[in-house]
Protein chains: 4
Amino acid sequence: MVIVMGPEATQGDIEAVVGLVQAAGVEAFVSRGVQRTIVGLVGDVTQLSAVNLRGMGGVRDVMRITAPYKLVSRENHPDRSTVHVGGVPIGPDTVTLIAGPCAVETPQQTLEAAQMAKAAGATLLRGGAYKPRTSPYAFQGLGEAGLRILADVREETGLPIVTEVVDAHDVDLVASYADMLQVGTRNAQNFALLQAVGAAGKPVMLKRGMNATIEEWLMAAEYIAQRGNLDIVLCERGIRTFETATRNTLDVSAVPVAQRLSHLPVIIDPSHSGGRRDLVLPLTRAAIAVGADGVIIDVHPHPEQALCDGPQALVDGDLRELAEIMRTFPQLMGKGVVGDALMV
Amino acid sequence: MVIVMGPEATQGDIEAVVGLVQAAGVEAFVSRGVQRTIVGLVGDVTQLSAVNLRGMGGVRDVMRITAPYKLVSRENHPDRSTVHVGGVPIGPDTVTLIAGPCAVETPQQTLEAAQMAKAAGATLLRGGAYKPRTSPYAFQGLGEAGLRILADVREETGLPIVTEVVDAHDVDLVASYADMLQVGTRNAQNFALLQAVGAAGKPVMLKRGMNATIEEWLMAAEYIAQRGNLDIVLCERGIRTFETATRNTLDVSAVPVAQRLSHLPVIIDPSHSGGRRDLVLPLTRAAIAVGADGVIIDVHPHPEQALCDGPQALVDGDLRELAEIMRTFPQLMGKGVVGDALMV
Amino acid sequence: MVIVMGPEATQGDIEAVVGLVQAAGVEAFVSRGVQRTIVGLVGDVTQLSAVNLRGMGGVRDVMRITAPYKLVSRENHPDRSTVHVGGVPIGPDTVTLIAGPCAVETPQQTLEAAQMAKAAGATLLRGGAYKPRTSPYAFQGLGEAGLRILADVREETGLPIVTEVVDAHDVDLVASYADMLQVGTRNAQNFALLQAVGAAGKPVMLKRGMNATIEEWLMAAEYIAQRGNLDIVLCERGIRTFETATRNTLDVSAVPVAQRLSHLPVIIDPSHSGGRRDLVLPLTRAAIAVGADGVIIDVHPHPEQALCDGPQALVDGDLRELAEIMRTFPQLMGKGVVGDALMV
Amino acid sequence: MVIVMGPEATQGDIEAVVGLVQAAGVEAFVSRGVQRTIVGLVGDVTQLSAVNLRGMGGVRDVMRITAPYKLVSRENHPDRSTVHVGGVPIGPDTVTLIAGPCAVETPQQTLEAAQMAKAAGATLLRGGAYKPRTSPYAFQGLGEAGLRILADVREETGLPIVTEVVDAHDVDLVASYADMLQVGTRNAQNFALLQAVGAAGKPVMLKRGMNATIEEWLMAAEYIAQRGNLDIVLCERGIRTFETATRNTLDVSAVPVAQRLSHLPVIIDPSHSGGRRDLVLPLTRAAIAVGADGVIIDVHPHPEQALCDGPQALVDGDLRELAEIMRTFPQLMGKGVVGDALMV
């Protein structure tokens with residue numbers, strides 16, 4: 001940590017800062033200049049978190065120079081981690097395809113979507129029973145009935161389930177059905193929910209908030225990790241920018257950046273970022289090529305009837321192309337694909 | 001609603017769209033062109049919300065031309081509303097000052113802050129017992145003990161309490177102490193929480209999500225209103241942009257825009273938007289001048305010791321200036337100030 | 001300046017950095033830590049601008065702690081400046097109203113707009129002869145013919161002229177007519193143009209780039225100042241954000257922030273930021289209340305016929321309200337208004 | 001085009017709009033509703049560009065439903081174009097590698113960088129003689145001396161030259177040396193410059209403005225095309241967002257979106273978007289995988305001495321990996337690579 005003091009700072013101001021820092025067991029090195037005096041801190045600065053350094057006399061700025069997260073940081077955990085979901089790995093050695101319907105609507109639709117997903121190479125099934133929707137007039141999901149459908153389809157297809165939870169007090173219920181709990185972009189700073197999924201004993205997929213910096217995303221993961229759960233997969237799903245041609249702007253750079261800062265696996269959601277079917281396959285290629293450890297994709301047997309996000313769901317013809325991508329791109333990245341793409 | 005169909009749309013595609021629209025009891029007017037065919041819809045298009053028009057053959061675009069919210073819209077409710085909080089009005093005829101500490105820390109600190117607030121003209125006391133913090137290592141609030149402190153200070157000062165709730169399942173508890181429930185920016189799309197506060201029978205202050213469009217903010221208010229609660233005050237608190245000189249960018253234009261679209265009162269939080277003490281008073285002036293129905297401001301007796309957001313809390317000297325602003329600016333806007341600024 | 005070195009930095013890496021810094025005549029203070037080593041630099045670090053410190057072994061980060069601009073900075077020029085335009089002051093003691101048509105179209109339209117502006121209290125006339133338009137199919141301005149119209153209207157009304165220049169090689173021509181040269185938001189980093197207006201011997205109004213940070217805006221001003229011209233007025237006109245309800249988001253906080261960092265006057269353009277007539281007066285009030293040294297406003301005698309930005313031009317009724325604002329708000333800010341609002 | 005009229009619109013308002021539209025030779029279809037009346041326009045609406053429809057009585061909104069650009073649009077030119085630069089193709093059938101130093105500094109540095117570029121598979125040489133820099137105190141380029149160095153290196157290596165022009169009045173000079181003119185992100189709406197390069201008779205690479213929507217980017221290309229030059233290559237180089245971990249956010253989605261809207265080739269600059277060496281190769285892979293028709297990359301023989309953007313230049317070891325990417329990824333996309341990567 002570096003404390004910058006302005007030209008108006010008195011000797012007393014500087015001594016007050018140094019005294020406070022040393023009292024917290026941290027060393028302070030003072031570099032005096034005409035325009036600015038710099039106090040460099042060396043040691044465990046978390047001891048200083050309750051101290052309001054910015055409020056002290058003469059202080060112009062306080063700059064952090066180490067990451068504010070620990071458990072998910074790569075600094076103390078140089079090897080990248082692999083998370084297993086119902087036996088399926090997500091991590092540095094593989095590219096995992098997660099696919100399924102945006103929302104669970106009927107047993108028939110869910111089963112068909114799962115079979116499409118599996119044929120394209122998916123080894124995990126996604127599907128939402130609880131849907132956070134911007135409008136209170138939009139379809140909100142089937143709730144527990146949807147979870148039961150997912151469990152039946154898992155039985156039928158063998159695909160473990162990834163499904164979203166939107167309320168801290170539903171976590172136990174959802175966890176009793178799901179193989180992986182998903183926290184969505186709108187809940188990326190719902191700290192009560194993050195703590196609850198951290199305590200649920202199931203792997204968690206944490207979507208990046210559409211307005212979250214990479215650092216805030218990792219801080220959100222730290223909330224989960226603090227409850228003892230390090231089986232976290234980060235999912236980049238597009239951020240909010242001024243561009244309106246796409247629903248959000250997929251930030252592919254976030255993948256190598258997050259992989260360098262954290263040991264957690266990072267995957268990409270090419271369906272929700274663009275919000276357009278014609279972008280899903282190009283963005284899937286880009287995701288694998290930038291180094292993502294997996295992709296999560298919407299498929300629907302009849303997108304024109306979908307109750308949620310139909311415009312972005314892949315259909316049959318696209319799936320053959322997706323299977324082909326899964327057969328070729330991971331290999332080029334030196335990664336295996338999990339499972340087999342049966343369609344090709 | 002307007003449906004735009006591309007040059008590739010067949011007669012059959014157009015008829016399919018028109019048929020579907022008419023089946024929902026909505027009239028369809030077709031304007032055929034070489035490059036585009038336009039289908040204008042007239043009637044209650046909410047009937048069409050479950051229909052995936054974008055997924056139909058030949059459809060290029062679907063454009064909404066009426067607001068997707070109803071209960072909070074001004075279209076059917078032309079007079080602007082006044083919300084009463086423990087007898088204190090927030091609405092078009094007044095400028096209400098809400099002030100207090102960012103976080104409740106001790107009885108002494110809360111009481112002193114409340115007295116400072118009152119002296120500056122505040123008629124409502126703010127103070128957080130549950131704090132959503134980006135870092136899990138930061139102070140998270142005192143919980144129910146904090147609520148009890150607030151209740152004691154209300155007893156002592158007569159100021160009704162505005163306090164944040166961060167978890168749907170704490171709503172009843174917080175509502176048993178609070179006069180107004182606050183939903184924070186990080187929970188602006190926490191729909192479970194929105195529905196819970198909608199059912200709690202207390203006025204609600206809904207902060208704009210830092211990445212929410214004005215329309216999404218009004219949709220979030222609609223979630224609350226749907227549960228039968230129209231005592232909602234909207235609070236603009238800065239949006240996330242590329243500028244880093246301020247914590248967020250205060251969007252003052254949002255006040256007249258939201259007041260035109262919705263009948264709900266709109267206030268501004270000049271403390272959290274800038275995150276800097278030196279901006280609070282200029283932004284307070286701007287807030288009243290742009291037409292805000294109130295402001296909510298952080299004050300702290302000893303900001304250098306504050307456990308939360310100390311750098312932005314006003315101190316004694318600032319408060320005299322705040323009292324002076326409250327004495328002069330509302331009047332110029334043709335608005336009364338609620339209560340009296342005693343300090344001057 | 002602070003150089004942060006990672007745990008992998010060797011003793012040789014640190015010595016290399018220190019040696020290079022000292023060779024540039026700057027002092028270096030080293031604070032060694034386990035996770036990070038901090039090198040604090042004290043002295044004239046501009047000597048180091050040609051050195052690629054980030055490229056050196058072991059260096060993790062280089063953080064600037066003083067402003068990268070000098071001539072426009074307030075650090076060495078604590079008093080705020082006043083710029084005079086044809087005798088009219090823009091600065092800390094006044095609120096100057098600049099008004100006129102977005103584009104000069106005809107002598108009649110320009111004269112009528114100038115008379116409207118004057119009646120509302122304007123002491124400077126704005127009007128564009130060269131219009132930068134997003135579409136090549138939109139009206140691009142009358143060029144020199146427009147400048148002649150402006151000169152005639154100045155003759156008639158006595159109002160000095162503020163007009164935009166869009167090409168470095170038009171600067172002399174435009175300067176031969178104008179009292180103040182305007183650099184628009186799209187040219188905020190057109191460095192050839194900035195240097196040319198810096199050498200033209202006329203006051204300059206520099207609009208903030210719609211994607212420029214406050215620091216980049218001040219750096220653009222530094223380009224002008226470097227050519228010997230310190231008669232620069234900064235103009236905030238809205239930045240680009242995700243919000244689409246307004247054309248741009250007016251960043252009122254930029255006024256006090258820029259006034260603290262720079263001695264230059266700062267004004268606001270409430271017309272172009274919102275792009276909507278109904279926002280112009282509320283934003284004008286907010287501008288004055290936040291401390292702006294002036295406002296620049298579009299007026300048009302017949303906005304429904306305007307060739308450029310008609311939807312945001314004020315009309316007759318609005319102008320009476322504008323005159324009233326100019327009569328009351330500056331006074332409340334302890335500022336005089338320049339000229340008299342005749343209408344009231 | 002669709003005109004939306006509010007409930008307050010009178011029969012006279014509607015007739016006024018329809019009359020004006022018909023007078024411009026455009027057909028108008030009126031759909032009357034209680035809340036809104038929709039007027040659908042069919043025909044050549046460019047005739048209406050000088051008419052201020054939004055200013056007319058009762059009009060709530062005017063929505064465009066066809067693209068505002070024509071010459072660069074794919075609607076009337078369904079086949080994607082190939083642009084040839086000194087004989088080297090950039091277009092749908094190939095992935096072209098353009099590489100070289102950010103800035104030309106010395107003959108030796110430029111030649112070495114060109115040889116590195118060529119060895120990695122580059123068939124075009126980039127290098128800046130005129131550098132637009134945020135700070136007036138930063139290196140601004142060698143000017144014509146730099147152009148002469150580039151010409152000598154072209155002689156020596158056979159690589160045609162791509163170089164930036166920053167001022168309309170330098171266009172002829174730069175065009176006398178260059179094989180392709182580059183317009184940078186800060187000049188993306190410098191319309192004088194766009195028109196000048198449009199008239200220069202050389203291919204143009206148009207970088208996207210860091211705050212430009214895809215539509216504005218295509219409008220900028222239309223400015224060039226209007227002067228008779230359709231040899232335009234679009235270059236995505238990152239947009240400005242709230243994320244600060246990268247210099248800008250590379251918008252890979254812009255490639256398929258722009259390729260669908262326009263027939264022009266689209267390439268990516270992975271060096272300037274991230275501003276970090278460790279991101280260049282992952283983003284290069286993502287660029288090719290998303291369908292870019294080429295990439296433009298900074299290389300430097302001694303990045304630690306670079307006068308401009310050293311932190312992002314590739315060095316020797318990276319170049320072997322780049323050569324390997326060029327050998328494998330384009331093939332997977334069904335595209336040839338231009339030239340041979342000699343290094344492998």
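Chain letters run A, B, ... following the sequence lines, proteins first and then strands; every chain starts at 1.
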Margin query: Quick check on the interface: out of A:Pro270, A:Pro256, A:Pro282, who has the most heavy-atom pairs with chain D under 4.5 Å?
Written below: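 Counting heavy-atom pairs under 4.5 Å, the top option is A:Pro282.
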Note to self: Applying the side chain to side chain contact (heavy atoms under 4.5 Å, CB included) criterion to A:Leu279, which one of D:Val290, D:Val257, D:Val252, D:Val255 satisfies it?
What the structure shows: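 For A:Leu279, the side chain to side chain contact (heavy atoms under 4.5 Å, CB included) check succeeds only for D:Val257.
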(message) Suppose the criterion is ring pair (Phe, Tyr, Trp, His ring centres under 6.0 Å): which pairs have a residue in residues 232-251 of chain A, not counting sequence neighbours?
(response)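 Residue pairs with at least one partner in residues 232-251 of chain A: there are none.
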> Which atoms form the tightest heavy-atom contact between D:Ala289 and A:Ala289, and what is the distance?
Replying inline: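 Closest approach of D:Ala289 to A:Ala289: CB-CB, 3.5 Å.
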Let me know if A:Ala212 has heavy atoms under 4.5 Å from chain D in its side chain, its backbone, both or neither.
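Backbone of A:Ala212 only, per the 4.5 Å heavy-atom cut-off to chain D.
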Check every N and O of chain D against chain A and note each donor-acceptor pair under 3.5 Å, with its distance.
{"residue": "D:Arg208", "atom": "NH2", "partner": "A:Glu243", "partner atom": "OE1", "Å": "2.7"}
{"residue": "D:Ile214", "atom": "N", "partner": "A:Glu243", "partner atom": "OE1", "Å": "2.8"}
{"residue": "D:Glu243", "atom": "OE1", "partner": "A:Arg208", "partner atom": "NH2", "Å": "2.7"}
{"residue": "D:Glu243", "atom": "OE1", "partner": "A:Ile214", "partner atom": "N", "Å": "2.8"}
{"residue": "D:Arg260", "atom": "NE", "partner": "A:Asp278", "partner atom": "OD2", "Å": "3.2"}
{"residue": "D:Arg260", "atom": "NH1", "partner": "A:Asp278", "partner atom": "OD2", "Å": "3.3"}
{"residue": "D:Asp278", "atom": "OD2", "partner": "A:Arg260", "partner atom": "NE", "Å": "3.2"}
{"residue": "D:Asp278", "atom": "OD2", "partner": "A:Arg260", "partner atom": "NH1", "Å": "3.3"}

_With chain A as the partner, which of D:Leu261, D:Leu332, D:Leu250 has the greatest number of non-hydrogen pairs under 4.5 Å?_
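Top option by heavy-atom pairs under 4.5 Å: D:Leu332.
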